[in-house]
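Computation of the quantities below employed the complete heavy-atom set of this structure, encompassing side-chain atoms and omitting hydrogens, waters and symmetry-equivalent molecules.
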Amino acid sequence: MNSTLTPNGALNTRQFVLATDLDGTFLGGSDEDRKRLYDWIEANRATVGLIFVTGRDPEFIGELCRERGVPWPDYAVGDVGTTIATVSSESGVAPIMHLEEEIAARWGSAGDKVKARLEGHPGLSLQPTDFRYRVSYDLDSSAFDASACTIIEEMGHQWLISDNRFFDVLPDGVSKGPSLRRLVEYLAIEPGRVLCAGDTLNDLSMLECGLPAVAVGNSEPSLVERVAHLEHLHMAQAHGAAGILEAIRAFDMHELPKGY
């Protein structure tokens with residue numbers, strides 16, 4: 001697949017593009033809510049684009065769409081912003097290498113060094129997946145020693161705690177928001193046509209990046225506190241998928257059937 005084209009044409013010709021987190025957001029809400037959103041997307045592919053912006057890795061995205069009936073996205077910003085990729089049901093997830101060059105340069109070969117410095121650190125359990133440009137841990141907040149944050153900063157990287165359960169180490173200046181903006185600019189999509197949706201602190205940079213945004217109703221309190229002042233953000237009452245539909249209607253970004 002051409003890296004700037006999708007089966008229904010370029011994303012910059014679509015009326016609306018949804019750039020959404022997965023867990024708790026696109027995958028959140030009731031079964032009925034998710035089916036309503038997913039069916040609407042599939043019925044309007046000619047005018048609706050879809051970008052997954054997630055902490056999940058490309059392999060998970062492929063399995064999710066093949067095995068759970070979730071709509072295939074046109075593109076993905078994965079691994080908490082360290083992967084920028086095309087997506088198709090035929091070829092799966094393929095990184096857009098020239099969009100990742102700066103990310104790779106900032107990270108270098110830092111993975112093993114980070115793991116060595118944080119080995120045995122209180123409250124951190126290394127996740128088994130070997131990510132390309134990040135290191136991720138499960139977080140036990142009751143045992144966590146915050147000196148890990150200082151260690152990572154001294155190494156020249158950035159840390160991110162989300163949902164009080166995950167600790168990510170990322171290249172400095174790289175996260176969901178900057179990577180999404182890089183992709184939107186590359187695809188020449190009009191920024192006002194893109195809706196960002198999220199629910200935890202690892203979505204903060206995306207919700208703050210200046211594109212229309214929604215914090216769904218089940219968002220973690222720490223995120224709500226950080227984004228409540230944003231004029232370009234809709235604070236949804238509905239949870240997960242229903243909160244996304246609520247924001248599409250609130251911003252009048254695309255026509256929706258009655259009852260949505």
Side-chain angles (χ1 to χ4, degrees), residues 21-28 52-64 76-85 93 95 100-180 182 196 198-209 215-216 218-227:
D21 172 59
L22 290 176
D23 298 276
T25 307
F26 197 69
L27 302 179
F52 287 167
V53 189
T54 175
R56 297 288 194 167
D57 59 273
E59 182 178 354
F60 175 87
I61 293 170
E63 291 177 355
L64 178 72
V77 175
D79 294 317
V80 202
T82 60
T83 292
I84 305 175
V93 181
E100 294 187 350
E101 287 177 355
E102 182 179 351
I103 296 170
R106 292 189 180 204
W107 188 245
S109 57
D112 288 341
K113 296 176 184 177
V114 169
K115 293 174 186 177
R117 289 292 302 275
L118 294 183
E119 184 176 3
H121 196 88
L124 294 181
S125 300
L126 182 67
Q127 293 182 5
T129 304
D130 189 16
F131 302 108
R132 295 181 302 151
Y133 307 128
R134 66 159 165 145
V135 178
S136 295
Y137 297 85
D138 293 318
L139 173 70
D140 178 354
S141 59
S142 64
F144 178 62
D145 183 338
S147 64
C149 303
T150 302
I151 292 171
I152 294 307
E153 290 169 359
E154 290 175 347
M155 294 182 73
H157 310 305
Q158 64 180 345
W159 54 271
L160 176 64
I161 294 175
S162 58
D163 204 20
N164 212 29
R165 296 188 299 135
F166 305 110
F167 184 90
D168 290 299
V169 181
L170 306 169
D172 187 42
V174 176
S175 59
K176 288 184 176 183
S179 292
L180 176 61
R182 183 177 290 120
C196 302
D199 73 307
T200 71
L201 278 175
N202 78 8
D203 301 313
L204 178 62
S205 68
M206 173 174 63
L207 301 186
E208 288 183 328
C209 76
V216 295
N218 51 297
S219 295
E220 65 171 312
S222 297
L223 178 70
V224 172
E225 183 179 353
R226 297 284 295 274
V227 302

Of all heavy-atom pairs between I151 and R117, which one has the smallest distance, and what is that distance? CG2-NH2, 3.4 Å

Angle between ring planes, F167 versus F144, binned at 30° and 60°: parallel, tilted or perpendicular? tilted

Carefully, step by step, assess T200 and D163 under the rule side-chain hydrogen bond (donor to acceptor under 3.5 Å, both in side chains). CA-CA 6 Å; T200 71; D163 204 20; over 6 Å; no

From CA spacing to verdict: side-chain hydrogen bond (donor to acceptor under 3.5 Å, both in side chains), T83, R132: CA-CA 8 Å; T83 292; R132 295 181 302 151; 2.9 Å; yes

Tell me the closest heavy-atom pair linking V227 and A215, and the distance in Å. CG2-CB, 4.3 Å

What are the two closest heavy atoms between G173 and Q158, and how far apart are they? N-NE2, 3.5 Å

Taking every non-hydrogen atom, the tightest pair across G24 and N218: O-ND2, 2.8 Å

K113 NZ to L118 CG distance, which is reported to the nearest 0.5 Å: 14.0 Å

Tell me if the CD atom of E63 is crowded by more than 12 foreign heavy atoms within 6.0 Å. yes

Please evaluate residues I161 and F166 with respect to the criterion side-chain contact (heavy atoms from CB on, under 4.5 Å), reporting the C-alpha separation (whole Å), side-chain torsions for both, the decisive distance (0.1 Å), and the verdict. CA-CA 6 Å; I161 294 175; F166 305 110; over 6 Å; no

Looking only at atom types and distance, does a side-chain atom of K176 sit under 3.5 Å from a main-chain N or O of D203, one as donor and one as acceptor? no

For D79, does its backbone N or O pair with a side-chain atom of T82 as donor and acceptor, under 3.5 Å? yes

For S179 and V174, run side-chain contact (heavy atoms from CB on, under 4.5 Å): C-alpha distance rounded to whole Å, both residues' side-chain angles, the deciding distance at 0.1 Å, then the answer. CA-CA 7 Å; S179 292; V174 176; 4.1 Å; yes

Around E225, counting heavy atoms of other residues, nucleotides and ligands shown, do more than 12 lie under 6.0 Å from its CD? no

How long is the gap from CZ on F52 to CG on L180, to the nearest 0.5 Å? 13.5 Å

Reported OG-to-CG distance for the pair S136 and D130, which is rounded to 0.5 angstrom: 11.0 Å

Donor-acceptor under 3.5 Å (S162 side chain, N202 main chain): no

Could you check whether D23 pairs with R56 (Lys NZ or Arg NE/NH1/NH2 to Asp/Glu carboxylate O, under 4.0 Å)? yes

Salt bridge or not for D140 and R165, using N-O below 4.0 Å? no

Flag the pair D172 / H157 as yes when at least one side-chain heavy-atom distance between them is below 4.5 Å, and no otherwise. no

Can you confirm whether L64 sits close enough to L27 that some side-chain heavy atom of one is under 4.5 Å from a side-chain heavy atom of the other? yes

Spatial distance of atom CG (L170) from atom CH2 (W107) [nearest 0.5 Å]: 7.0 Å

Shortest non-hydrogen separation from S205 to S175 and the atoms involved: OG-OG, 2.9 Å

Can you tell me if T54 and D21 form a side-chain donor-acceptor pair at under 3.5 Å? no

dist S219:OG -> L201:CG (nearest 0.5 Å) comes out at 9.5 Å

Please enumerate all residues that pass side-chain contact (heavy atoms from CB on, under 4.5 Å) together with L126, with sequence neighbours excluded. K115, V135, Y137

What's the spacing between S147 OG and D145 CG if we round to 0.5 Å? 3.5 Å

Hey, are E220 and N164 close enough side-chain-wise for a donor-acceptor pair under 3.5 Å? no

Say whether, by atom type as modelled, one donor and one acceptor occur between the side chain of D57 and the main chain of E59 under 3.5 angstrom. yes

Passes side-chain contact (heavy atoms from CB on, under 4.5 Å), Y133 versus I103? Steps please. CA-CA 7 Å; Y133 307 128; I103 296 170; 3.8 Å; yes

Pair D168 + R134, salt bridge at N-O below 4.0 Å: yes

Search all heavy atoms of A85 against all heavy atoms of V93 and return the closest pair with its distance. CB-CG1, 3.5 Å

Using only atom types and a distance under 3.5 Å, with no angle test, would you say the side chain of R106 pairs donor to acceptor with the backbone of P171? no

